[in-house]
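The block underneath contains the structure these notes are about, expressed in structure tokens.
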Amino acid sequence: MANTMAPAQIFGISRMRQHQAAPTFRIMCSNTAKGAEEFPRLVNTGCKLVGCGSAVPSLRVTNNDLAKFIDTNDEWISTRTGIRTRRVLSGKENLTDLAIEAAQKALEMAEVDPKDVDLILMCSSSGDDRFGSAPVIQKALGCKNNPLAFDITAACSGFLLGLFSASCYIKAGGFKNVLVVGADAVSRFVDWTDRGSCILFGDAAGAVLVQACDIGEDGLFGFDLHSDGDGKKHLISTFKENETDVPSSENRSMTSFPPKCSSYSYLQMNGKEIFKFAVRVVPQSIEAALEKAGLAGSNNFDWLLLHQANQRIIDGVATRLEVPSERVISNVANYGNTSAASIPLALDEAVRGGKVQPGHVIAAAGFGAGLTWASAIFRWG
């Protein structure tokens, strides 16, 4: 398939242009069957965010709670991270149920029936099933037409990669309603005796409904997406074999088979390197996304919404972009770092709290394990 349209034309449209007559682009598609003739396809579809939702576990863990079993205190944690409480899965709660609840709320706000959902993207690196949870969400929502549902693993950048994927499926694939869910339970991989990491993380789910619209109403203006495997060592949870082997047989000749039982190590993080990485690449990425959107400059968006990793990182990026604190969305104090859930969770609270209004333009960025980072410029509603 030969695309005659530049990527910036597909995914970038400035606010000055958004009310002009919708342009029509022609893409030449070809069938790979022998003898098939090329035929033109018209592309004039945009997409917009029309609903959001979120869900958090019932257990609320404060800094003082952590101080009961590790060497820390509320002042030490809040000064360094801005975090005061976090939510953690416990009892019979599970991450998939949180994702389902967030998705249901997004559909309700958007006034979209589950049977009209064409695609579900579950963005998570800590799901309940290593083979993915998106199809379970599809079934629980009551999607009758068996829409495609699959998982995306990109840690704290996952939600924005899901948002980009949704725009691609809509603009190039003819999908109409795409649910993007960000959900993580990093508490499952945290060493709760390590005060350098356990103080940071919480569990949550957030979701948005992305809907097809006329290109003149397009609300996803620009993206900037990257990864750097050289930085993987700074934030990692690796596969490992358990030390205890399976019972051996006297007649077994292969000592390395069958394999030992396996699991994943605790999350390991170099906080100083992650901080330096984030404050360096995130402003550059947001500026690149703004340029692609035709909205260069911090005065051309209403809100800055970053992955809620650490208040010091949020403040550092805002300072470099010259965005005043009153235009920064932050809820890290109440939930900590919820990985792929942090951006949709904060967005949902800001929308339902009346802070983000229809028509507001948001500059968002996620960053984390991989290392990966991504930025998106979009309009709410």
Tell me whether T81 contacts the main-chain N or O of I77 through its side chain, where contact means a donor paired with an acceptor under 3.5 Å.
yes
What distance separates D113 CG from K144 NZ, expressed to the nearest 0.5 Å?
9.5 Å
Would you check, one step at a time, whether the test side chain to side chain donor-acceptor pair (under 3.5 Å) holds for T62 with N64?
CA-CA 5 Å; T62 68; N64 288 328; 4.9 Å; no
Go through V351 and W380 one step at a time and tell me if the side chain to side chain contact (heavy atoms under 4.5 Å, CB included) criterion holds.
CA-CA 9 Å; V351 169; W380 171 253; 3.8 Å; yes
Within a strict 4.5 Å, meaning less than it, do heavy atoms of the K171 and C47 side chains meet?
yes
Between A155 and A340, the two heavy atoms sitting closest are O-CB, 3.5 Å
When rounded to the nearest 0.5 Å, the distance separating CD of Q357 from NE2 of H360 is 5.5 Å
Any sub-3.5 Å donor-acceptor pair from R320's side-chain atoms to V279's backbone N or O?
yes
L306 side chain reached by I286 side chain, heavy atoms, under 4.5 Å:
yes
Quick one: list whatever passes salt bridge (charged side-chain N to carboxylate O under 4.0 Å, His left out) with D97, sequence neighbours left out.
none
Would you say the side-chain atoms of N44 pair up with the backbone N or O of I215, donor to acceptor, closer than 3.5 Å?
no
Test log, rule side chain to side chain donor-acceptor pair (under 3.5 Å), inputs D184 and S124:
CA-CA 5 Å; D184 265 312; S124 178; 3.2 Å; yes
Count I, L, V, M, F, W, Y as connected when their side-chain heavy atoms are under 4.5 Å apart, and connections chain through other members. Are I170 and L163 then in the same cluster?
yes
Is the shortest side-chain heavy-atom distance between S342 and Y335 below 4.5 Å?
no
What's the shortest heavy-atom distance between P147 and Q138, and which atoms?
O-NE2, 2.6 Å
Inter-residue atom distance S126.OG - F189.CZ, 0.5 Å rounding
6.0 Å
May I have the step-by-step check of side chain to side chain contact (heavy atoms under 4.5 Å, CB included) for H307 and N337, ending in yes or no?
CA-CA 8 Å; H307 164 51; N337 182 341; 2.9 Å; yes
May I ask whether V56 and I100 are part of the same hydrophobic cluster, defined by side-chain heavy atoms of I, L, V, M, F, W, Y residues being less than 4.5 angstrom apart, directly or through others?
no
Report yes or no: is the cationic atom of R312 (NZ for Lys, CZ for Arg) closer than 6.0 Å to the six-membered ring centre of F275, at no more than 45° off its axis?
yes
Go through the steps for D224 and S375 under the test side chain to side chain donor-acceptor pair (under 3.5 Å), then give the verdict.
CA-CA 5 Å; D224 184 68; S375 295; 5.2 Å; no
Kindly give the heavy-atom pair with the smallest separation between G162 and I152, and that separation in Å.
CA-CD1, 3.9 Å
Determine which pairs satisfy salt bridge (Lys or Arg N to Asp or Glu O under 4.0 Å) with at least one residue from residues 59-82, sequence neighbours left out, and list them in order.
D65-K68, D74-R84
Check I70 against C198 and note the closest heavy-atom contact, atom names and distance.
CD1-SG, 3.5 Å
Sidechain-backbone polar pair: D118 side chain, F175 backbone, donor-acceptor under 3.5 Å:
no
Which of these passes side-chain contact (heavy atoms from CB on, under 4.5 Å) with T96: D129, V181, I137?
I137
Any side-chain to backbone donor/acceptor pair from N73 onto W76? Under 3.5 Å, distance only.
yes
Is it true that a side-chain atom of R379 and a backbone atom of L49 form a donor plus acceptor pair closer than 3.5 Å?
no
Between F69 and R195, is there a cation-pi geometry (under 6.0 Å to ring centre, at most 45° from the normal)?
no
Sub-3.5 Å donor-acceptor pair from the side chain of N300 to the main-chain atoms of A296, do we have one?
yes
Side-chain heavy atoms under 4.5 angstrom apart, residues restricted to Ile, Leu, Val, Met, Phe, Trp, Tyr: same cluster for V180 and L209?
no
Would you mind reporting whether L89 and L95 have side-chain heavy atoms less than 4.5 Å apart?
yes
Derivation of the side chain to side chain contact (heavy atoms under 4.5 Å, CB included) call for L295 and F301
CA-CA 8 Å; L295 297 170; F301 60 88; 6.0 Å; no
Go through the steps to decide whether D116 and K176 satisfy the test salt bridge (charged side-chain N to carboxylate O under 4.0 Å, His left out), and finish with yes or no.
CA-CA 8 Å; D116 294 322; K176 294 183 179 179; over 6 Å; no
Answer yes or no: is there a side-chain heavy-atom contact under 4.5 Å between W192 and L66?
yes
Is it true that a side-chain atom of D302 and a backbone atom of V361 form a donor plus acceptor pair closer than 3.5 Å?
yes
Main-chain N/O of V186 paired with D203 side-chain donor or acceptor, under 3.5 Å
yes
Do you reckon L305 sits in the same ILVMFWY cluster as V356, going by side-chain contacts under 4.5 Å, direct or chained?
yes
In terms of side-chain geometry, is the basic nitrogen of D128 or R188 positioned less than 4.0 Å from the acidic oxygen of its partner?
yes
Geometric class of the H226/W373 ring pair [parallel <30°, tilted 30-60°, perpendicular >60°]
parallel
Identify each donor-acceptor pair in which a side-chain atom of residues 103-112 lies under 3.5 Å from a protein atom, sequence neighbours left out, and give them as a table.
residue, atom, partner, partner atom, Å
K105, NZ, S54, O, 3.0
K105, NZ, E101, OE2, 3.1

Is any side-chain heavy atom of N299 closer than 4.5 Å to one of R327?
yes
In the single-linkage hydrophobic clustering (I, L, V, M, F, W, Y; side-chain heavy atoms under 4.5 Å), do F277 and L200 co-cluster?
yes
Let me confirm one number: the OG-NZ distance from S133 to K139, rounded to the nearest 0.5 Å.
13.5 Å
Determine, step by step, whether I83 and I199 satisfy the side chain to side chain contact (heavy atoms under 4.5 Å, CB included) criterion, reporting the C-alpha distance in whole Å, the side-chain angles of both residues, the deciding distance to 0.1 Å, and the verdict.
CA-CA 8 Å; I83 301 168; I199 63 173; over 6 Å; no
For the pair K48 and D218, find out whether any cationic side-chain nitrogen is under 4.0 Å from an anionic carboxylate oxygen.
no
Tell me, do W303 and V328 make a side-chain contact under 4.5 Å, heavy atoms counted?
no
Non-hydrogen atoms of S298 and V323 that approach each other most closely
CB-CG2, 3.9 Å
Correct closest heavy-atom pair for S125 and T153 would be OG-CG2, 3.5 Å
Does some side-chain heavy atom of L179 sit less than 4.5 Å from a side-chain heavy atom of L121?
no
Looking only at atom types and distance, does a side-chain atom of S165 sit under 3.5 Å from a main-chain N or O of L161, one as donor and one as acceptor?
yes
Can you confirm whether more than 12 heavy atoms, excluding those of Q311, are under 6.0 Å from its CD atom?
yes
Going by side-chain contact (heavy atoms from CB on, under 4.5 Å), V208 matches just one of V178, L347, V50. Which one?
L347
Hey, can you tell me if Y169 and F150 have their rings parallel, tilted or perpendicular (30° and 60° cut-offs)?
tilted
List the steps, then state whether side chain to side chain donor-acceptor pair (under 3.5 Å) holds for S58 with E93.
CA-CA 9 Å; S58 58; E93 294 177 318; 3.0 Å; yes
